Structures are given as C-alpha cells and as structure tokens.
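Notes follow the structure.
As the structure is a prediction and not an experimental result, all values here were calculated from the model.
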Amino acid sequence: MAGLVRIYKKNMSDSRPIGVFDSGVGGLSVLKHIKELLPNEHLFYVADSAYAPYGNKSDSEITQRSVAIAHFLIEKNIKALVVACNTATAVAIASLRNDFDIPVIGMEPAVKPAALQTQSGIVGILATPGTLTSQKFSRLYKQYASDVEIISQACPGLVEQVELADLTGEQTRALVQQYVSSLVDQGADTLVLGCTHYPFLKPLIEEIAGENISVIDTGSAIAKELLRQLQNKTLLNLDSVIGEQYFWSSQSSSQDVVHQLWNDTVIINELGI
Ligand code: DGL
C-alpha cells in the first residue's frame, strides 16, 4: 500500500497556475527566468503599477496591497506565490506566509554569491530605499559584513523610469551614472541588483560600470528555488503542454510597457482591486 501511494505521488501532476506579483512591471524580469526554467507551468502575473513605487509607501500599506493581491491570485486557484519584489518581500513576506497555506517564495538581494565572487572585497548593492531600510536587509547585511565590505546605494527614481519603459533615455542614464559611479568610485567590483526592476537596466548599468565590474541579479536563483519547492511538494505540472501567461495590472497604461519589456503582445487585464 505504501509503495502504491509512493508511485501515485510520484506521477501526480498539478496543472494549477503559479502566481507572481510585483509593485509594477519589474517582476517581469523574474517571470522570464521562471518561464525559461518551467516552460510548461501556467503563470499569472500581477503588476501593481498604480501603486508603484512601493519603496516610498508605509509598511502597512505595502502589506495591505501584498495581501490583497495574494487573495486575488489565491481566488484564481494558484498553487504557489512568488513575491517578485524585494520591497514587498522585505516588508510583507511573513504576513503572506502566515495567511496562506501555499509555498510563498520571496526575493533577497544576491549578497552571498557577490561576497564569494568579489576580488576587491567590496560589494555594492543597488536597491530601493524601502529595501535598504528593512530589518530583513539589515539581517542579510550583518550575515556577510564580516567577510566583505558591503556598500549600499539607494536608487530613488529608477523604478519610475522602468515603469515608463525608459531604459536608455537621458534621465535614466543620468540616474544610473550617479548611482553606479558612486559604488565603483568606492572600490566595488561586484554590483548586486537588489530590485527586480533593475535587470531591465542591466545593459546600461554594465556599460556605465565598465568591463571589470560584474553585475548580479537574483531572478534565476528565485526560479530555481521555486522549482525546488514545487518538486519537494509534488506540485509540478508534468503535462507536456506549453504553459500560458496571463497578466493583470492596476494601471491601464501598463499595456505598452509590458509589451516592450516582455517582448510579446499580451492582453493586460484590469486588476480591479
Ligand atoms: N521591483 C520592486 C523591488 O524589487 C520595486 C520596489 C518599489 O516599487 O519600490 O523592490
């Protein structure tokens, strides 16, 4: 009997979708990695663009939005939730894990791989003011601060530029120049992208930082962690189908921006919460 249960479990397939959300379109950089690693999973993405950036909102407002979006996705029968936002993870992940009985995977700036990789011993972190002032980040910071020097740089304005899909314009370039130069001038040879909007600016960040600086983003690590949790809980979709993606946004003007960043024509549904 135990053997039979094991065989049944091994072959179980779960075709329910995976929910992913961010304060806006930044989480699409994580969604790309998830789609690549788990091509037959159905993905439901929520961009809370009307409320972006989360970085300048209060903790209670960020938690309230995160919980409301999680409820919206749970009603759509998701089997796992990815919080593709460093700020929402830092502020609201404990509430989400407490309220919902499905795997909840969050972001965390990739300080560990950066600490292992740096040659100069100085790691620079680019993140939103909200992430950098969170308790979760200060715990992460302390964990590695004895091995390497960590310099953090708050980047107000960058999320807004990505929300406009302005990845190379004059204002975006000026902001990236200011933030990246500050870290490089202080000796950082490894830069961590601590916000899911920033991978869309990676080519510009690399160009401004110069060729001896490596730039690390966390999207692929999060996709691997999602795969690990789905495997452990026998939640993978084993059907040989190509997964579909559905999108919702709290802002109607997201349509063009999503098209540009996702590189595909998709329908953006109104979030309505
Ligand atoms: N993409 C979000 C993050 O990773 C941006 C946060 C914000 O809206 O301030 O932190």
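Annotation: side chain to side chain donor-acceptor pair (under 3.5 Å) contacts of Glu206 (sequence neighbours excluded): none. Listed by chain and number, the residues in a salt bridge (charged side-chain N to carboxylate O under 4.0 Å, His left out) with Lys32 amount to none (sequence neighbours excluded). Every residue was checked against the salt bridge (charged side-chain N to carboxylate O under 4.0 Å, His left out) condition with Lys35, not counting sequence neighbours, and none meets it. Annotation: salt bridge (charged side-chain N to carboxylate O under 4.0 Å, His left out) contacts of Asp59 (sequence neighbours excluded): none.
Side-chain atoms of Thr128 and Thr87 form a donor-acceptor pair, as typed in the model, at a separation below 3.5 Å. One side chain, Gln153 or Ser182, offers a donor N or O that lies under 3.5 Å from an acceptor on the other. Side-chain contact, Ser49 with Ser250: no donor N or O sits under 3.5 Å from an acceptor N or O.
Rounded to the nearest 0.5 Å, atoms CD1 (Ile208) and OG (Ser181) are 7.0 Å apart. In this structure, OG in Ser15 is found 5.5 Å from CG in Asp239, a value given to the nearest 0.5 Å. For the atom pair CD (Gln117) and CG (Asp189), the distance works out to 8.0 Å, reported to the nearest 0.5 Å. A distance of 15.5 Å separates OH of Tyr198 from NZ of Lys202, quoted to the nearest 0.5 Å.
A salt bridge does not link Glu170 to Arg173: none of the charged side-chain nitrogens sits closer than 4.0 Å to a carboxylate oxygen.
Proximity of a side-chain donor or acceptor of Glu41 to a complementary backbone N or O of Asn237 within less than 3.5 Å is detected. In this structure a side-chain-to-backbone donor-acceptor pair under 3.5 Å is present from Ser138 to Gln135. In this structure, the side chain of Asn40 does not engage the main chain of Ile242 through any donor-acceptor pair within 3.5 Å. Using a distance-only test at 3.5 Å, with no hydrogens or angles considered, a donor-acceptor pair links the side chain of Gln255 to the main chain of Val266. Under a 3.5 Å cut-off, the side chain of Asp14 and the backbone N or O of Leu236 do not form any donor-acceptor pair. Not one N or O on the side chain of Thr131 forms a donor-acceptor pair closer than 3.5 Å with the backbone of Ala127. With hydrogens and angles disregarded, no donor-acceptor distance shorter than 3.5 Å links the side chain of Tyr54 to the backbone of Gly130. Side-chain N or O atoms of Tyr51 include none that pairs as donor or acceptor with a backbone N or O of Ile62 at under 3.5 Å. Remark: the backbone N or O of Gly26 is paired with a side-chain donor or acceptor of Ser29 at under 3.5 angstrom. Under the 3.5 Å distance criterion, the side-chain polar atoms of Lys79 are matched with a main-chain donor or acceptor of Leu235.
The shortest heavy-atom contact between Val159 and His197 is CG1-NE2, 3.6 Å. Between Leu204 and Thr172 the shortest heavy-atom distance is CD2-CG2, 4.0 Å. Nearest heavy atoms, Ile150 versus Tyr141: O-OH, 3.2 Å. Heavy atoms only, all atoms of each residue included: Ile93 and Gly106 are closest at CD1-CA, 3.5 Å. Taking each heavy atom of Ser249 and Ile268 in turn, the nearest pair found is CB-CG2, 3.6 Å. When all heavy atoms of Ala70 and Leu96 are compared, the pair lying nearest together is CB-CD2, 3.8 Å.
The six-membered or imidazole ring of Phe21 lies away from that of Trp248, with a centre-to-centre distance of 6.0 Å or more.
The number of heavy-atom neighbours closer than 6.0 Å to NZ of Lys112, taken from other residues, nucleotides and ligands shown, is 12 or below. Atom NZ of Lys224 sits in a sparse spot, with 12 or fewer heavy atoms from other residues, nucleotides or ligands closer than 6.0 Å. In this structure, Asp264 places its CG atom where more than 12 heavy-atom neighbours from other residues, nucleotides or ligands lie under 6.0 Å away. Counting heavy-atom neighbours within 6.0 Å of Gln143 CD, excluding the residue itself, gives a total above 12.
Lys76 has its side chain out of reach of Pro17: every pair of non-hydrogen atoms, C-beta onward, lies at least 4.5 Å apart. Counting heavy atoms from C-beta on, the side chains of Glu108 and Thr89 never come closer than 4.5 Å. Proximity of Phe247 to Leu28: side-chain heavy atoms (C-beta onward) are separated by under 4.5 Å at one or more points. Taking the side chain as every heavy atom from C-beta outward, Gln231 and Leu227 approach each other to under 4.5 Å. Two residues are said to be in side-chain contact when any heavy atoms from C-beta on lie closer than 4.5 Å; Val83 and Val20 fail this criterion. Residues Val257 and Glu163 fail the side-chain proximity criterion, which asks for heavy atoms closer than 4.5 Å. The side-chain heavy atoms of Val123 and Ile151, taken from C-beta on, include no pair separated by under 4.5 Å. Two residues are said to be in side-chain contact when any heavy atoms from C-beta on lie closer than 4.5 Å; Cys85 and Met107 fail this criterion.
Within the structure, ring pair (Phe, Tyr, Trp, His ring centres under 6.0 Å) pairs that include any residue of residues 100-129 comprise His71-Phe100 (at least two apart or interchain). Among residue pairs with one or both ends in residues 42-55, those qualifying as salt bridge (charged side-chain N to carboxylate O under 4.0 Å, His left out) are Asp48-Arg65; sequence neighbours excluded.
In summary, of the residues considered (Leu73, Ile18, Leu81), a side-chain contact (heavy atoms from CB on, under 4.5 Å) with Ile102 occurs for Leu81 alone.
Both tests do not hold together for Lys142 against Tyr144: distance to the six-membered ring centre under 6.0 Å, angle to the ring axis within 45°.
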